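Being a predicted model, the structure only gives us computed values, none of them experimental. Chain letters run A, B, ... following the sequence lines, proteins first, then strands; residues in each count from 1.
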Amino acid sequence: MTEAAAPEGQPYDPRILVFSTNNISDPGIDLAGSSHMHYSPRVMVINLPCTSAVKPGWIVYAMEQGFDGVFIAADGEECAYLPDCAQRTSGIMQTAQDLLVEKGFEPQRVRMAAICSVCAEPFTKYMHEYATALSGLGPSRKATS
Amino acid sequence: MSAKKIGVYICQCGGNIGDYVDVDEVVAAVAKEPGVGVAKTAMFTCSDATQSEIIADAQEQGLDGLVIASCSPKLHTYTFRDVARRAGMNPFQYTQVNVREQCSWTHTDDHEGATEKAVRLVRAGINRTRLTEPLEPIVVETTPKTLVVGGGIAGLRAALGLAEIGLAVFLVEKEPKLGGWVAGFGEMYPHGRNGAELIAKLEQKVRSHPGITVFTRAELIAKSGSFGNYEVTVAIQGEQLETISTVVGSIVIATGFDTYHPAEGELGYGLDGVITIADFKKLLDSTDGPLEYNGRPVNTVAYIYCVGSRQGEDVEGGNTYCSRYCCTAAVHAATMVADLPARVHQYHFYRDMRTYGKFELLYAEAMEKGSAFVKFPDDEPPAVEKDAKTGGITLTARDLLSEGEEVALTADLVVLVTGMVPRENEGLTKTLKLPVGQSGFYNEIHPKLRPVETVVDGAFICGACQAPRTSSESVASGLAAVTQSAAILKRGFAELDPLVATVDTDACTWCGACETTCPYDAIARESHDGKEIAVISRTSCKGCGGCVPVCPSDAIDLQGYTDAQIKSMIDGMLEVVCA
Ligand SMILES: Cc1cc2nc3c(=O)[nH]c(=O)nc-3n(C[C@H](O)[C@H](O)[C@H](O)COP(=O)(O)OP(=O)(O)OC[C@H]3O[C@@H](n4cnc5c(N)ncnc54)[C@H](O)[C@@H]3O)c2cc1C
Ligand code: SF4
Ligand code: SF4
């Protein structure tokens, strides 16, 4: 069983799924933790070797199951695997946006930014900004629930 | 065979996790998840005692999958994979769940939220583990040869160590001379030996060893290939520029440091008679009579510590770290000055005296020999001005050792005890894709657990390119890099994670999309039961997964991150939490 959208009357704190990378952005997110920076516990991370491996379908799936937004913490220029990683990842994001729109979700429910291995502060800031932006949109499953 | 009976261990990490996450609640919430055979908490999961307990549980209960919720996977993935192996499980049926860096530590302000998140993350880990298959590591043959970049004391000692255990060495030094900083030193602490002589002896051993090839005025300009067999290209500046290529099994980076260069006007820098500790060391090493500077006698020396180190967060791009070597270098210099024939008054303006370990003896010696110490407040460095009348330099500071009283004195020479900074090495950093830490030095995977390894497989860092260090500390880390290289090269083969991309032969229609997307040429067309399909080479595949979303037939999966696993993790993160 999956969880329903936030019950009425309660302050709405969006659920964000982050895709990070094992060697670059995940260490940056770890550093936010070891520096005791705070963001919402409704942010959860799945790490992969490289964000060029994210399937657009996963983003749609996350939304259908109850996440309110997906944040791709990409490696930018630092990716050790693929020189065109940033370009590939933004392609994936665009495909995901098209799929989201097709399914009745707002395209703003997926975002990407380059997060480096010491980007603790930028990551925390992105999480706050994105949570605020998603709060403006409301829960992802309002249309379907 | 997918995991059917899973052991789940939630670590308290002392209080690091236990103080912010209700670990008993997490265990209660996940114990009844399908497939969970054992669910427990542990004070320190990485301790020997808990490792043995996991192994015993696995054998008693017949566990075939393992989930450990503890610190970041960067720290203990290998530790726990090994536990799984020793417990008779397949190491790749183990999942590390990060409930410290990405949960307890980042939600210290929200006990309930952190606990709920931990439950969700652990469920995701259990779901993923349920879908794991036993995998065997990929075995690659390795070349028994190492490239050492940088011929300072760390690189020279590493080169010799490697050659002595039978590995061929290519040593590449950018400058015309070997030895780095130490080659320019006279008497060094703590042993009192002469730096230039130390290097001369070491160089002689290195140059005469048949297993070592030395290149000076040379730099690494390209690296290709994969772990165990990197093809490296070195450019050598001779009569004309020459390049040579060779294949090496590992790379040791020992490119050292630079000293902090104070800005004009910083603590009087730029005034005649204000110099850095590096320049003062040169002056001392060439002095045997009375101390003189620019032809003038020096009767009073004042040292100002922590210049360019331990800078406040307010200094833009400041160096917040302690440079470690400099307190000792300054008191050592003071003992050398005290041993000169003419008496010199010496005053040390410091913040904290970090002459750690045995270096404390040098601090005591400096005091015994007449040095006086003034402790100034962190945010109030001494004021340094030229005294127009005497031509000397006046220093004014508050002394915390005498209840904050103001101290003023005139010195003939002011020594700025400057710290270490990362050496400019952009080309090398880019060529090797080396990770750089917050302070700008090269970054190891973990300072205690994997202190010389980097995220680039087979590339090790040592010496002062990694962090400020003394000479003997640099040598010690150089030898650690030797040991790590030996561990992967002496067996003749190394094992790599089998987390590579695989093609579902039924689903593949050979459209060719994946073949062109892979920059490593790992994908090729093959005939399989009369059907054309894509086949991915296990040893060429880097495991990035870049081909996964490219396949229009959803035929590619990355091992360890399969489509089913990622979706199951999303499910686990969203299940209703009720303990
Ligand atoms: C003033 C002063 C006094 C000191 N006194 C002492 C002392 O008494 N006792 C003590 O224990 N320590 C002392 N130290 C510290 C000591 O100098 C260092 O610990 C030591 O030099 C570190 O050795 P290293 O080999 O890591 O680096 P380095 O000495 O910096 O050597 C690095 C080498 O790598 C080369 N290199 C750099 N980039 C490249 C590249 N891209 N390609 C090829 N080659 C490259 C450089 O040319 C250099 O030869 C002192 C330091 C200073 C500044
Ligand atoms: S070693 Fe001493 S002088 Fe150097 S930065 Fe650390 S405290 Fe300051
Ligand atoms: S992209 Fe997919 S269908 Fe096309 S060849 Fe590669 S594996 Fe086969």
Side-chain angles (χ1 to χ4, degrees), chain A residues 1-4 13 15 17-24 26-27 29-58 61-62 64-67 78-85 88 91-92 95-96 116-118 120 124, chain B residues 71-75 77 98 100-110 112-118 120-121 124 128 433 435-439 443 445 455-456 499 501 517-520 542-551 554 558 560-561 563 566-567 569-571 573-577:
Chain A
M1 190 174 96
T2 51
E3 199 178 29
D13 181 6
R15 288 196 192 287
L17 175 64
V18 177
F19 283 110
S20 71
T21 68
N22 295 343
N23 293 336
I24 315 255
D26 209 56
I29 301 172
D30 278 354
L31 188 61
S34 21
S35 320
H36 296 305
M37 294 175 183
H38 298 309
Y39 49 83
S40 163
R42 289 161 75 93
V43 172
M44 281 175 269
V45 182
I46 293 181
N47 49 311
L48 300 161
C50 170
T51 48
S52 298
V54 172
K55 277 193 182 180
W58 297 343
Y61 185 78
E64 288 172 343
Q65 298 307 304
F67 273 106
E78 289 186 66
C79 178
Y81 296 106
L82 301 165
D84 57 345
C85 181
R88 287 175 187 241
I92 289 165
T95 313
C116 71
S117 59
V118 293
T124 309
Chain B
C71 45
S72 164
K74 275 117 250 153
L75 305 183
T77 299
N98 184 346
R100 193 178 73 178
E101 283 80 352
Q102 294 187 4
C103 190
S104 68
W105 276 353
T106 203
H107 309 306
T108 49
D109 56 338
D110 185 353
E112 211 179 304
T115 303
E116 186 190 314
K117 175 170 172 177
R120 294 176 185 280
L121 295 177
R128 175 190 180 275
K433 301 206 163 83
V436 169
Q438 214 157 11
S439 56
N443 220 355
I445 291 184
V455 292
V456 183
L499 304 179
T517 204
C518 176
Y520 302 106
K542 289 273 184 295
C544 65
C547 55
V548 172
V550 169
C551 175
D554 273 337
L558 184 59
Y561 309 88
D563 186 73
I566 301 290
K567 285 181 176 158
M569 291 177 77
I570 293 174
D571 292 342
M573 289 175 171
L574 293 171
E575 263 173 76
V576 179
V577 172

Residue part contacting chain B, namely of A/L31, when any heavy atom lies under 4.5 Å:
side chain

Checking the side chain of B/H107 only, and the main-chain atoms of A/Y39 only, is there a donor and an acceptor separated by less than 3.5 Å?
yes

Spacing of CD belonging to A/E64 relative to CG belonging to B/L574, to within rounding of 0.5 Å:
12.0 Å

Can a cation-pi geometry be assigned to B/K567 and A/Y61, taking NZ or CZ under 6.0 Å from the six-membered ring centre and within 45° of the ring axis?
yes

Interatomic distance, CG@A/D30 vs CG@B/L75, rounded to 0.5 Å, equals 7.5 Å

So what's closer than 4.5 Å to chain A heavy atoms on B/V456: side chain, backbone, both or neither?
neither

How long is the span from the CG atom in A/N22 to the NZ atom in B/K74, to the nearest 0.5 Å?
6.5 Å

Looking only at A/D26, A/V118, A/V54, most heavy-atom pairs under 4.5 Å shared with chain B are made by A/D26

Looking only at heavy atoms, what is the nearest atom pair of B/P73 and A/N47, with distance?
CG-ND2, 4.3 Å

Under 4.5 Å to a heavy atom of chain B? For A/L82 that would be both

Between B/N443 and chain A, with a heavy-atom cut-off of 4.5 Å, which part of the residue counts as in contact: side chain, backbone, both or neither?
neither

For B/Y561 and A/W58, which heavy atoms make the closest approach, and how far apart are they?
O-CH2, 4.0 Å

Portion of A/S35 that has a non-hydrogen atom of chain B nearer than 4.5 angstrom
neither

Any idea which heavy atoms bring B/I570 and A/A62 closest together, and the distance?
CG2-CA, 3.8 Å

Counting only heavy atoms closer than 4.5 Å, note whether B/S104 contacts chain A via side chain, backbone, both or neither.
neither

Turns out that what part of B/K542 lies under 4.5 Å from chain A's heavy atoms comes down to both

Less than 4.5 Å to any heavy atom of chain B: does that hold for the side chain of A/S34, its backbone, both, or neither?
both

Nearest heavy-atom pair of A/G33 and B/W105: which atoms, and what distance?
O-CB, 3.2 Å

Say you draw a straight line from CD of A/Q65 to CD of B/E575; how long is it, rounded to the nearest 0.5 Å?
10.5 Å

Pairs of heavy atoms under 4.5 Å with chain A: top-ranked of B/L558, B/T517, B/V548
B/T517

Counting heavy-atom pairs closer than 4.5 Å to chain A, which one of B/E112, B/R100, B/K117 comes out on top?
B/K117

Between B/G113 and A/P41, the two heavy atoms sitting closest are O-CB, 3.5 Å

Of all of B/M569, B/R128, B/E101, which one pairs up most often with chain A through heavy atoms under 4.5 Å apart?
B/E101

Please find the pair of heavy atoms, one from A/A53 and one from B/C544, that lie closest to each other, and give the distance.
CB-O, 3.4 Å

The interface call for A/D84 against chain B, heavy-atom contacts under 4.5 Å, is neither

Measuring only between side-chain heavy atoms, which start at C-beta, is A/H38 closer than 4.5 Å to B/D110?
no

Examine whether an atom of B/D109 lies under 4.5 Å from a heavy atom of chain A, and if so say whether it belongs to the side chain, the backbone or both; otherwise answer neither.
both

For the atom pair CD (B/Q102) and OG (A/S20), what is the distance rounded to the nearest 0.5 Å?
6.0 Å

Side chains of A/I29 and B/T106, heavy atoms from C-beta outward: is any pair under 4.5 Å?
no

Kindly compute the distance separating SG (B/C551) from NZ (A/K55), expressed to the nearest 0.5 Å.
7.5 Å

Under 4.5 Å from a heavy atom of chain B, the part of A/L17 involved
side chain

